[in-house]
Amino acid sequence: MQALIEKQYAIDQAVIVAITDVRGIINYANDNFCTISGYSRDELIGQNHRLLKSGAHPKELFRDMYRCLASGHVWRGELCNRAKSGKLYWVDTVITPQLGPDGRPVAYMAIRVDITARKEAEAQLSFAATHDSLTGLLNRRALLDQARNDCGPERQSGGLGVYLIDLDGFKHVNDTFGHEAGDNLLKEVASRLRSLASDRDLVARLGGDEFAMIRRADDDVGESALDIGRRIVAAIAEPFEIEGHQLDVGASVGIAVGPEHGSNPADLLKKADLALYEVKAAGRDGYRLYRPAMLDAVKGEKALEAELRHAITAREFELHYQPILDVGTRSVHTAEALVRWRHPVRGLVAPDRFIALAERTGLIQPLSEWIIEQACLDAVSWPPSVQLAVNVSATQFKRGNLFDVVMRALLRSGLNPQRLQIEVTETVLLEQQSEQLQTFRRLKAMGATLVLDDFGTGFSSASYLTNFPFDKIKIDKSFIQGLQSRECAAVIASAVVLAKGLGISVTAEGIETESQFEDVRALGIDFAQGYLFGRPVPCNEFVRAPVFRDDLNRVCRTGTFGGG
């Protein structure tokens with residue numbers, strides 16, 4: 001008896017022990033059982049063990065358990081119970097049937113070990129493996145796994161809507177306000193996307209500032225797909241209050257729907273990506289539904305990209321030059337270098353066909369370096385009075401080596417830096433302004449002229465003129481073409497007054513008629529560029545071409561550079 005008492009004491013100190021009759025009525029509970037369940041012994045004795053049922057297990061589990069015990073076998077497993085407080089706890093359980101004289105069970109003894117800490121750790125690991133640590137949303141793998149499960153053979157009714165979401169302007173937030181503000185913004189974006197989703201929908205962060213939503217519907221989702229896309233764009237467009245700052249970002253959304261575009265979630269996500277690509281190409285901040293033509297367009301672009309890579313290696317490019325006139329003397333002041341692709345099959349390819357692709361693929365970097373160097377080599381043979389203008393892309397600035405590229409081109413060509421004009425658009429200035437300002441200052445200190453191109457088409461042109469050391473602005477040709485309207489004339493006049501007040505000269509581009517030339521001269525514009533004076537032509541033609549005529553269509557000056 002003493003040995004049995006000691007064994008029972010040892011067991012009670014180590015594990016949870018309960019004994020029930022065959023109906024599940026508790027007739028013994030040790031101290032550990034009372035402690036973990038939160039019930040007193042009096043509250044447990046006489047109660048059915050179902051008192052602790054958590055609802056975490058299917059009925060089939062308990063049916064199989066009692067079938068096993070009733071046959072006289074030991075049952076082992078892990079169970080989740082609910083304590084008196086409502087808290088769930090897990091126990092590793094061994095239930096042994098106590099058999100009567102006839103070999104049938106008369107009672108069941110359950111010995112349990114608390115494994116709650118282990119199960120919670122496992123749950124945390126499982127969550128971390130399937131969820132984004134920052135936002136708590138599903139990650140890419142879990143999104144596709146759950147979506148595939150939702151598209152099993154037994155769930156073929158209804159449709160599937162896949163939405164791929166990319167934030168517009170997020171990098172600017174990171175660069176301006178710091179990564180902590182960026183992280184908080186991503187959390188708020190996740191919260192807004194959750195608010196648009198139902199309990200059946202899946203929302204994920206795929207990485208960086210890219211999110212996805214998969215919606216399951218009982219009927220055709222195609223009708224509502226565009227409306228959901230619109231709601232996502234509108235939700236993200238609302239200002240965010242982050243760390244005392246009002247932050248504005250946009251969203252580009254690509255949409256694909258099943259079964260119209262496919263039934264595999266991974267394939268639908270790829271097609272949504274194609275639709276997203278088209279949104280970005282169209283200027284971002286919008287939504288598109290996938291169309292089969294998008295795939296053909298991407299294939300064509302990939303083929304063009306391969307040809308473009310070869311063209312850069314094979315030097316299939318050439319520079320054409322267009323004159324920029326001094327309005328007062330109507331003589332050539334500057335020649336703008338414009339790149340053309342001499343394709344072996346397609347002939348001469350205009351830059352609007354390949355420059356944007358070069359920007360997206362990073363090929364603009366080697367192409368821009370060649371343009372700057374070749375233009376300097378061409379210009380060094382021109383009369384010293386004629387300056388050279390070259391366009392520089394935002395990618396070239398982001399790379400951070402523009403000053404070195406320009407310096408190397410000047411040294412190799414021998415061109416005077418004071419004859420070089422660097423033209424940029426506002427897109428160059430949208431990000432990392434402190435770094436851009438440093439580059440501008442170094443170029444200006446070298447002697448180069450800095451020109452803000454397409455002035456008037458952006459939102460903050462005036463502030464750029466005060467923050468950056470520009471020497472010239474070029475008024476966009478759209479305003480010149482609309483000179484007859486009061487609004488365009490007012491914009492041009494205001495730009496001229498602003499520039500003159502800051503000591504900045506003004507160029508008008510897109511001059512096609514003598515009337516336009518007289519109008520811009522009357523407005524006080526310093527330089528003019530357009531087809532009236534000459535179209536872009538190769539260097540050897542440019543230096544020989546007569547490019548100036550007066551309003552009587554008489555040759556006023558026939559400039560033949562290089563003595564031709």
Side-chain angles (χ1 to χ4, degrees), residues 1-131 133 136 138 142 146 149 194 199-200:
M1 179 62 70
Q2 183 63 32
L4 288 174
I5 291 173
E6 290 176 356
K7 289 177 181 178
Q8 181 178 341
Y9 176 78
I11 292 172
D12 285 342
Q13 294 302 306
V15 296
I16 302 160
V17 180
I19 299 176
T20 70
D21 62 17
V22 292
R23 296 173 301 162
I25 303 299
I26 301 171
N27 52 47
Y28 174 81
N30 72 347
D31 290 342
N32 284 342
F33 190 6
C34 296
T35 299
I36 195 169
S37 69
Y39 291 99
S40 67
R41 188 170 281 103
D42 291 340
E43 290 176 310
L44 290 172
I45 301 300
Q47 294 293 324
N48 193 290
H49 203 281
R50 286 194 297 270
L51 175 70
L52 305 172
K53 186 177 179 180
S54 65
H57 303 292
K59 293 180 181 180
E60 291 77 13
L61 183 144
F62 297 103
R63 183 186 63 200
D64 295 341
M65 174 201 294
Y66 285 114
R67 184 177 297 165
C68 174
L69 294 172
S71 64
H73 295 91
V74 176
W75 184 89
R76 293 178 174 84
E78 295 178 352
L79 295 174
C80 180
N81 291 334
R82 187 180 299 277
K84 184 178 180 179
S85 65
K87 181 180 179 180
L88 299 179
Y89 65 93
W90 282 85
V91 285
D92 190 359
T93 304
V94 177
I95 303 178
T96 304
Q98 297 179 359
L99 305 179
D102 59 356
R104 294 182 177 180
V106 296
Y108 301 122
M109 174 181 284
I111 297 178
R112 300 179 173 92
V113 176
D114 181 11
I115 58 171
T116 304
R118 191 195 85 196
K119 298 295 285 188
E120 288 177 348
E122 290 175 353
Q124 290 175 357
L125 289 173
S126 176
F127 186 89
T130 57
H131 290 73
S133 60
L138 294 172
Q146 292 194 29
N149 292 337
R194 284 194 196 97
D199 293 338
R200 299 180 61 188

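Both backbone and side-chain heavy atoms feed into the values below; hydrogens, waters and symmetry mates do not.
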Is it the case that over 12 heavy atoms from other parts of the model lie below 6.0 angstrom from the CZ atom of Arg50? no
Counting only heavy atoms from other residues, nucleotides and ligands, does the tally under 6.0 Å from CG of Asp199 exceed 12? no
Measuring from Cys80:SG to Leu88:CG, what's the distance to the nearest 0.5 Å? 4.5 Å
Less than 4.5 Å apart, any side-chain heavy atom of Val94 and any of Val74? yes
Heavy-atom donor-acceptor pair, Asp92 side chain to Val113 backbone, under 3.5 Å: no
Leu52 side chain reached by Arg82 side chain, heavy atoms, under 4.5 Å: no
d(Cys34 SG, Asp42 CG) to nearest 0.5 Å is 9.0 Å
Within a 6.0 Å radius of atom CZ on Arg194, are there more than 12 heavy atoms belonging to other residues, nucleotides or ligands? yes
Testing the basics here: between Cys68 and Ser71, what is the closest heavy-atom pair and its distance to 0.1 Å? O-OG, 2.6 Å
Straight-line distance of Thr130 OG1 to Gln146 CD, nearest 0.5 Å: 7.5 Å
Sidechain-backbone polar pair: Thr93 side chain, Leu79 backbone, donor-acceptor under 3.5 Å: no
Ala83 versus Tyr89, closest heavy-atom pair with distance: N-CE2, 3.8 Å
Under 3.5 Å: donor-acceptor pair, side chain of Arg41, backbone of Ala29: yes
Residue pair Asp114 / Val91: nearest heavy atoms and the distance that separates them: CA-CG1, 4.3 Å
Shortest non-hydrogen contact from Asn27 to Asp21? ND2-N, 3.7 Å
Of Leu51, Asn48, Thr20, the residue whose pairing with Ile26 passes side chain to side chain contact (heavy atoms under 4.5 Å, CB included): Thr20
Quick one: sort the Tyr66 and Tyr108 rings into parallel, tilted or perpendicular, breaks at 30° and 60°. tilted
Once you round to the nearest 0.5 Å, how far does CH2 of Trp90 lie from CZ of Arg118? 9.5 Å
Rounded to the nearest 0.5 Å, how far apart are OG1 of Thr96 and CH2 of Trp75? 12.0 Å
Of the non-hydrogen atoms in Ser40 and Glu43, which two are nearest, and what is the gap between them? N-OE1, 2.8 Å
Shortest non-hydrogen separation from Leu69 to Pro105 and the atoms involved: O-CG, 3.4 Å
So CG of Asn81 and OG of Ser37: to nearest 0.5 Å the spacing works out to 9.0 Å
